[in-house]
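Working notes, structure below.
Here the structure is a predicted model, which is why all the values come from computation and not from measurement. Throughout, residue positions are numbered sequentially from 1 according to the sequence presented.
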Amino acid sequence: MSGAITCSAADLATLLGPNATAAADYICGQLGTVNNKFTDAAFAIDNTYLLFSAYLVFAMQLGFAMLCAGSVRAKNTMNIMLTNVLDAAAGGLFYYLFGYAFAFGGSSEGFIGRHNFALRDFPTPTADYSYFLYQWAFAIAAAGITSGSIAERTQFVAYLIYSSFLTGFVYPIVSHWFWSPDGWASPFRSADDRLFSTGAIDFAGSGVVHMVGGIAGLWGALIEGPRRGRFEKGGRAIALRGHSASLVVLGTFLLWFGWYGFNPGSFAKILVPYNSGSNYGQWSRIGRTAVTTTLSGCTAALTTLFGKRLLSGHWNVTDVCNGLLGGFAAITAGCSVVEPWAAIVCGFMASLVLIGCNKLAEIVQYDDPLEAAQLHGGCGAWGLIFVGLFAKEKYLNEVYGATPGRPYGLFMGGGGKLLGAQLVQILVIAGWVSATMGTLFFILKKLNLLRISEKDEMQGMDMTRHGGFAYIYHDNNDDDSHRVGPGSPFPPSVTPPRV
């Protein structure tokens, strides 16, 4: 705080006596100044908290980049890394120009925002630049999810088009529906105007972010078709393993770290006491949210570890990393409104959902190099259902405002209205994203702008589209001319050329 505030007997001596009114005015003025200083400090602390959370969420882009790079074959590393950079760059411009306005710019019948395009007339009384930055970081996270589903076979121009469309239009409208106070399904509407008297509860985006990105990726991968060599003619799946488990683990830990900005950061404010002089306030909710996030992810990781061991006979680090992220994606909707023990249930079921979705994907010959649709779409949908079952009345009233008779989790004694609202959210997100992103990918395919040629796909996009490989490597799928030893044109003493 700048400027010293003094108030002493000497200051008041000349004002006391017959001029008591002036003394009182002086004292009240000084106290008002102190109060304003504390108010300014509270705003500064809350904005600093939100900015720090935005930095954590943005750091998840590095996690996505490492996870994607490790999950693809080495010949496509530069391509997938560049798409992650452009998700952030293109998303930044289009969210600034259109996305934020559609999401939070004042509603038109609860469907779409219509103010603050290019941040015109901004800041507003309810939002500052730190809030824009935080919401942009969420928008590009949705685009990053989609890029993993269509990796290793997609034209570069298609990435630019879908990323701009998703962050500038598709995602913002969904976030308006469920996060804007004006959205038709928002829990922040007046009590008599909420969907099923509650509104859909999606605190940090199991549906708004993860389902949107996952379903968009689902349609992209379905319309493109699987990578060449992923399935035999008889339908048997062939594993096209990523080239670096180290990058996968690095990316997973970066995403885990960033999730502490994603979920706890969604409170937007930290300096909110519940009772004067009490040690229980918003900071307690934030701490509990971090704990539920952690427990869900950890439970999902261990469940996946042993589940895949029973199914495949291996302790697979990549599967465990995906299971961990599936647990995080699922708990994101309800992290602030459930007990820690319920988060363990969430993570356990999220792992089973992921394993089941992956098995179904193999049966229908669906190819998603990062399991993004299964992980973010499937586990995100489970996360919304989970809220309808386990949300606690006390926590709902703390986070979304006290409302007498507010519906809460079915298994917690709150009836089925909240579960109904959650199911509506799943259906409308699936329908909206399918109608928009499915149509976009179909048009790109018809215009020959979606999939690369067979030659480019076999050689790898790093060489054919980006001027060279990310690093010298040896691909296990290379032909026999690159093997050393018996049956190879190169004797054991000769190192073959790398491609």
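For the pair I80 and M461, the minimum side-chain heavy-atom distance is 4.5 Å or more. At a threshold of 4.5 Å between non-hydrogen side-chain atoms, the residues E232 and I238 count as touching. Side chains of V338 and C346 form no contact here, defined as non-hydrogen atoms less than 4.5 Å apart. Looking at I385 and I426, their side chains come closer than 4.5 Å, going by heavy atoms from C-beta outward. A 4.5 Å side-chain heavy-atom check between V337 and Y400 finds at least one atom pair inside the cut-off. Within the 4.5 Å cutoff, the side chain of V399 has heavy atoms near those of the F267 side chain. Using a 4.5 Å heavy-atom cutoff, the side chains of Y95 and I140 are not in contact. Between V212 and I429 the shortest side-chain heavy-atom distance falls below 4.5 Å.
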Worksheet item: After noting the C-alpha distance and the side-chain angles of M60 and F257, does the key distance pass the side chain to side chain contact (heavy atoms under 4.5 Å, CB included) rule?
Response: CA-CA 8 Å; M60 295 175 79; F257 180 65; over 6 Å; no
TODO: Test F390 against L410 for side chain to side chain contact (heavy atoms under 4.5 Å, CB included), laying out the working first.
DONE: CA-CA 7 Å; F390 290 95; L410 176 64; over 6 Å; no
Apply side chain to side chain donor-acceptor pair (under 3.5 Å) to the pair T83 and S147, showing each step before the final yes or no.
CA-CA 7 Å; T83 62; S147 67; 4.7 Å; no
query: Are Y159 and L86 close enough, and set up right, to give a side chain to side chain contact (heavy atoms under 4.5 Å, CB included), and what steps lead you there?
result: CA-CA 8 Å; Y159 280 111; L86 289 177; over 6 Å; no
Please walk me through it: do Y134 and S266 pass side chain to side chain donor-acceptor pair (under 3.5 Å)? CA-CA 9 Å; Y134 188 68; S266 290; 3.2 Å; yes
Next item on the list: Evaluate the criterion side chain to side chain contact (heavy atoms under 4.5 Å, CB included) for residue pair F262 and L56; output intermediate values, then yes/no.
Entry: CA-CA 7 Å; F262 206 94; L56 285 177; over 6 Å; no
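The aromatic rings of F98 and F94 lie tilted to each other, with the angle between the two planes from 30° to 60°. The aromatic rings of W432 and F169 sit tilted, their planes meeting at an angle between 30° and 60°. Using cut-offs of 30° and 60° on the angle between ring planes, the pair Y162 and F441 is tilted. In this structure, F132 and Y96 have perpendicular ring planes: the angle between them is above 60°, well past the 30° mark. The aromatic rings of F104 and Y131 sit perpendicular, their planes meeting at an angle over 60°, well past the 30° parallel limit. Taking the six-membered ring for Trp and thresholds of 30 and 60 degrees, Y171 and W179 have ring planes more than 60 degrees apart, a perpendicular arrangement. Taking the six-membered ring for Trp and thresholds of 30 and 60 degrees, F111 and W177 have ring planes inclined between 30 and 60 degrees apart. By the 30° and 60° cut-offs, the orientation of the rings of W259 relative to H210 is parallel.
The number of heavy atoms from other shown groups lying within 6.0 Å of CZ (F348) does not exceed 12. When the shell of 6.0 Å around CZ of F253 is examined, it contains 12 or fewer heavy atoms from other residues, nucleotides or ligands. For F58, the CZ atom sits in a loose shell: 12 or fewer heavy atoms of surrounding residues, nucleotides or ligands are nearer than 6.0 Å. Summarising the local packing, CZ of F52 is surrounded by 12 or fewer heavy atoms from other residues, nucleotides or ligands at distances under 6.0 Å. Environment of CH2 in W382: crowded, with over 12 heavy atoms of neighbouring residues, nucleotides or ligands closer than 6.0 Å.
Here N79 contributes atom CG and Q155 contributes atom CD; the two are 11.0 Å apart, rounded to the nearest 0.5 Å. Of the inter-residue distances, the one linking C321 atom SG with L67 atom CG reads 7.5 Å to the nearest 0.5 angstrom. The structure places OG of S71 at 12.5 Å from CG of N76, a figure rounded to the nearest 0.5 Å. M349 contributes atom CE, which lies 9.5 Å from atom CG of L389 (distance to the nearest 0.5 angstrom). We find the CD1-CG distance between I150 and L450 to be 7.0 Å, quoted to the nearest 0.5 Å.
Residues L133 and A54 approach most closely at CD2-CB, 4.1 Å, considering heavy atoms. Of all heavy-atom pairs spanning P226 and Q365, the tightest one is CG-O, 4.2 Å. Taking all atoms of both residues into account, the shortest heavy-atom contact from S149 to A372 is OG-CB, 3.3 Å. When all heavy atoms of C335 and T332 are compared, the pair lying nearest together is SG-O, 3.5 Å.
Using a distance-only test at 3.5 Å, with no hydrogens or angles considered, a donor-acceptor pair links the side chain of D367 to the main chain of R227. Under the 3.5 Å distance criterion, the side-chain polar atoms of R465 are left unmatched by any main-chain donor or acceptor of D456. Using a distance-only test at 3.5 Å, with no hydrogens or angles considered, a donor-acceptor pair links the side chain of D368 to the main chain of A373. For the pair S296 (side chain) and G327 (backbone), a donor-acceptor distance under 3.5 Å is present. For the pair S351 (side chain) and G347 (backbone), a donor-acceptor distance under 3.5 Å is absent. For S175 (side chain) and A103 (main-chain N/O), no donor-acceptor pair under 3.5 Å exists by modelled atom type. S244 places no side-chain N or O within donor-acceptor distance of the main-chain N or O of G70, the cut-off being under 3.5 Å. Looking at D202, its side chain does come within 3.5 Å of a backbone N or O of G205 through a donor-acceptor pair. No side-chain donor-acceptor contact under 3.5 Å links R194 to the backbone of A185. For T289 (side chain) and N263 (main-chain N/O), no donor-acceptor pair under 3.5 Å exists by modelled atom type.
Between S163 and D87, the side chains place a donor N or O and an acceptor N or O closer than 3.5 Å (distance only, hydrogens not considered). Side chains of N84 and Q61: no donor on one and acceptor on the other come within 3.5 Å. No side-chain donor from either of D182 and H176 sits under 3.5 Å from a side-chain acceptor of the other.
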Let me check something: any side-chain donor-acceptor pairs from residues 352-359 under 3.5 Å, sequence neighbours excluded? List them with distances.
{"unit_1": "N358", "atom_1": "OD1", "unit_2": "Q374", "atom_2": "NE2", "d": "3.0"}
{"unit_1": "N358", "atom_1": "ND2", "unit_2": "L354", "atom_2": "O", "d": "3.3"}
{"unit_1": "N358", "atom_1": "ND2", "unit_2": "E371", "atom_2": "OE1", "d": "3.0"}

Show the atom names and distances, to 0.1 Å, of all donor-acceptor pairs under 3.5 Å that link a side chain in residues 416-424 to residues at least two apart or in another chain.
{"unit_1": "Q422", "atom_1": "OE1", "unit_2": "I201", "atom_2": "N", "d": "2.8"}
{"unit_1": "Q422", "atom_1": "NE2", "unit_2": "I201", "atom_2": "O", "d": "2.8"}
{"unit_1": "Q422", "atom_1": "NE2", "unit_2": "L384", "atom_2": "O", "d": "3.1"}

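Cation-pi geometry between K445 and F442 is not met at under 6.0 angstrom from the ring centre and within 45 degrees of the axis. With a 6.0 Å cutoff to the six-membered ring centre and a 45° limit on the axis angle, R230 does not count as a cation-pi contact of Y366.
A salt bridge is absent between D462 and K75: the closest approach of a Lys/Arg side-chain nitrogen to an acidic carboxylate oxygen does not fall below 4.0 angstrom. Under 4.0 Å is where a charged nitrogen must lie from a carboxylate oxygen, and between R73 and E152 at least one such pair does. A salt bridge links E457 with R451; the closest basic N to acidic carboxylate O contact falls under 4.0 Å.
By the side chain to side chain donor-acceptor pair (under 3.5 Å) test, T294 pairs with Y260, sequence neighbours left out.
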